[in-house]
> 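Can you keep this structure in mind? I'll have questions shortly.
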Amino acid sequence: MPVIDVKPDLDNLTLTITAEFAAPVERVWQIYADPRQLEKVWGPPTFPATFVDHDLTPGGRVTYFMTGPEGEKYAGYWQITAVDEPTGFAFEDGFADEEFNPNPELPVSKNVYSFAATETGTRATYVSTYASAEGLQTVLDMGVVEGATLAINQIDAFLA
């Protein structure tokens, strides 16, 4: 299992997940840079993702939906704020309606994904910061840790 640490921190309004992959930084980066590869790993296995827009450049937007086992769809978006290929990127992550308009009833997080070379491959650090403890608690209650852990572990299988 690539996930080596999960730290929800209500005081600092962050959720930090650390993972290690037996692949070089450039290979891990490619998964996020290519929407077809990202579809293979984003979201839990029973909720496969479809990326509609994928502009991984500062100011760019990424939109996607996940489809549940009963055909239900859940949409989301990333507003890209920074890119440092291949070592990471930053974005705002939010929930959306079917037209990818932000859902104001659910929290938006500011995220920094960073990839660093190790002796055996790559250490990935995923940090999500919320505007409030209530926002963080909302996504924790929705199962974000379990979903993210499943998705990150799928990366490992995809790389193998």
Side-chain angles (χ1 to χ4, degrees), residues 1-9 12-67 73-96 100 102 106-131 135-136 139-140 142-160:
M1 296 289 206
V3 173
I4 59 171
D5 193 33
V6 177
K7 288 184 184 167
D9 184 341
N12 290 309
L13 311 177
T14 58
L15 171 62
T16 304
I17 300 174
T18 307
E20 291 187 346
F21 303 106
V25 168
E26 293 78 8
R27 179 64 188 104
V28 174
W29 170 263
Q30 288 173 354
I31 291 172
Y32 292 94
D34 178 350
R36 302 297 75 91
Q37 291 184 52
L38 192 53
E39 287 174 342
K40 306 240 187 262
V41 300
W42 190 256
T46 57
F47 286 78
T50 301
F51 282 80
V52 178
D53 298 300
H54 190 273
D55 181 4
L56 193 61
T57 61
R61 188 170 164 91
V62 174
T63 59
Y64 66 92
F65 61 88
M66 295 186 296
T67 304
K73 292 187 178 184
Y74 302 94
Y77 68 91
W78 298 349
Q79 189 64 47
I80 307 300
T81 56
V83 176
D84 186 16
E85 182 180 347
T87 61
F89 63 104
F91 61 100
E92 292 183 1
D93 181 19
F95 297 89
F100 301 110
L106 291 171
V108 173
S109 60
K110 293 184 179 186
N111 295 266
V112 176
Y113 286 12
S114 56
F115 314 117
T118 66
E119 288 183 17
T120 58
T122 300
R123 175 170 281 205
T125 306
Y126 305 97
V127 180
S128 301
T129 304
Y130 292 83
L136 173 55
V139 297
L140 291 173
M142 291 171 70
V144 71
V145 168
E146 296 81 4
T149 300
L150 283 170
I152 292 166
N153 287 336
Q154 289 178 133
I155 293 172
D156 196 48
F158 181 71
L159 290 169

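Atoms considered below: every heavy atom in the structure, side chains included; atoms not considered: hydrogens, waters and symmetry mates.
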> Side chains of Val6 and Leu15, heavy atoms from C-beta outward: is any pair under 4.5 Å?
yes
> Go through it in stages, so that I can follow the logic: the residues are Lys73 and Phe47, the test is side chain to side chain contact (heavy atoms under 4.5 Å, CB included), and I'd like the CA-CA distance, side-chain angles, deciding distance and then a yes or no.
CA-CA 9 Å; Lys73 292 187 178 184; Phe47 286 78; over 6 Å; no
> Once rounded to the nearest 0.5 Å, what's the spacing between atom CG of Asp5 and atom CD1 of Ile17?
9.5 Å
> Applying side-chain contact (heavy atoms from CB on, under 4.5 Å) between Arg123 and each of Val25, Val28, Ile4, report the one that passes.
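Exactly one candidate clears the test, Ile4.
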> Please report the shortest heavy-atom distance between Gln79 and Gly59, naming the atom on each side.
NE2-O, 3.1 Å
> Would you list the atom pairs, donor with acceptor, under 3.5 Å between side chains in residues 37-44 and any protein atom, with sequence neighbours excluded?
from  : atom 1 : to    : atom 2 : distance (Å)
Gln37 : OE1    : Arg27 : NH1    : 2.7
Gln37 : OE1    : Arg27 : NH2    : 3.2
Gln37 : NE2    : Asp34 : OD2    : 3.1
Glu39 : OE1    : Arg36 : NE     : 3.1
Glu39 : OE2    : Arg36 : NH2    : 2.8
Glu39 : OE2    : Phe51 : N      : 2.9

> Hey, are the side chains of Asp9 and Thr16 touching, using non-hydrogen atoms and a 4.5 Å cut-off?
no
> A side-chain contact here means heavy atoms from C-beta on lying under 4.5 Å apart; do Phe65 and Phe100 qualify?
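Yes, side chains in contact.
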> Kindly compute the distance separating OH (Tyr126) from OG1 (Thr149), expressed to the nearest 0.5 Å.
10.5 Å
> Heavy atoms, side chains only, cut-off 4.5 Å: are Pro2 and Asn153 in contact?
yes
> I'd like to check Gln154 versus Pro45 (side-chain heavy atoms, cut-off strictly below 4.5 Å). Are they in contact?
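Yes - at least one pair of side-chain heavy atoms lies under 4.5 Å apart.
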> Is the distance between the ring centroids of Tyr32 and Tyr113 less than 6.0 Å?
yes
> Quick test of your reading: applying side chain to side chain donor-acceptor pair (under 3.5 Å), list the pairs with at least one residue in residues 55-64, sequence neighbours left out, ordered by first then second residue.
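For residues 55-64: Asp53-Thr63, Asp55-Thr57.
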> Measure the spacing between OG1 of Thr50 and CE of Met66 and express it to the nearest 0.5 Å.
10.5 Å
> Quick check: closest heavy atoms across Leu136 and Leu13, and the distance to 0.1 Å?
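Taking Leu136 first and Leu13 second, the nearest heavy atoms are CD2-C, 3.9 Å.
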> Just verifying a value: how many Å separate Thr129 OG1 and Asp93 CG, rounded to the nearest 0.5 Å?
12.0 Å
> Indicate yes or no: at least one non-hydrogen side-chain atom of Thr18 is less than 4.5 angstrom from one of Val3.
no
> If you look at every heavy atom in Ala33 and His54, which pair is closest and at what distance?
O-CE1, 3.2 Å
> Would Leu106 and Met142 count as a side chain to side chain contact (heavy atoms under 4.5 Å, CB included) if you check the C-alpha gap in whole Å, the side-chain angles of each, and the deciding distance to 0.1 Å?
CA-CA 11 Å; Leu106 291 171; Met142 291 171 70; 4.2 Å; yes
> Taking all atoms of both residues into account, what is the closest heavy-atom pair of Ala19 and Ile152, and its distance?
CB-CG2, 3.6 Å
> State whether the side chain of Thr122 and the backbone N or O of Ala23 hold a donor-acceptor pair below 3.5 Å, judged by distance alone.
yes
> Any side-chain heavy atom of Ile155 within less than 4.5 Å of one from Phe21?
yes
> Quick one about Asn111 and Ser109 (side-chain donor to acceptor, distance below 3.5 Å, no hydrogens or angles considered), yes or no?
yes
> Tabulate below the donor-acceptor pairs under 3.5 Å that side-chain atoms of residues 84-91 make, not counting sequence neighbours, or state none.
from  : atom 1 : to    : atom 2 : distance (Å)
Asp84 : OD2    : Thr87 : OG1    : 3.0
Thr87 : OG1    : Asp84 : O      : 3.0

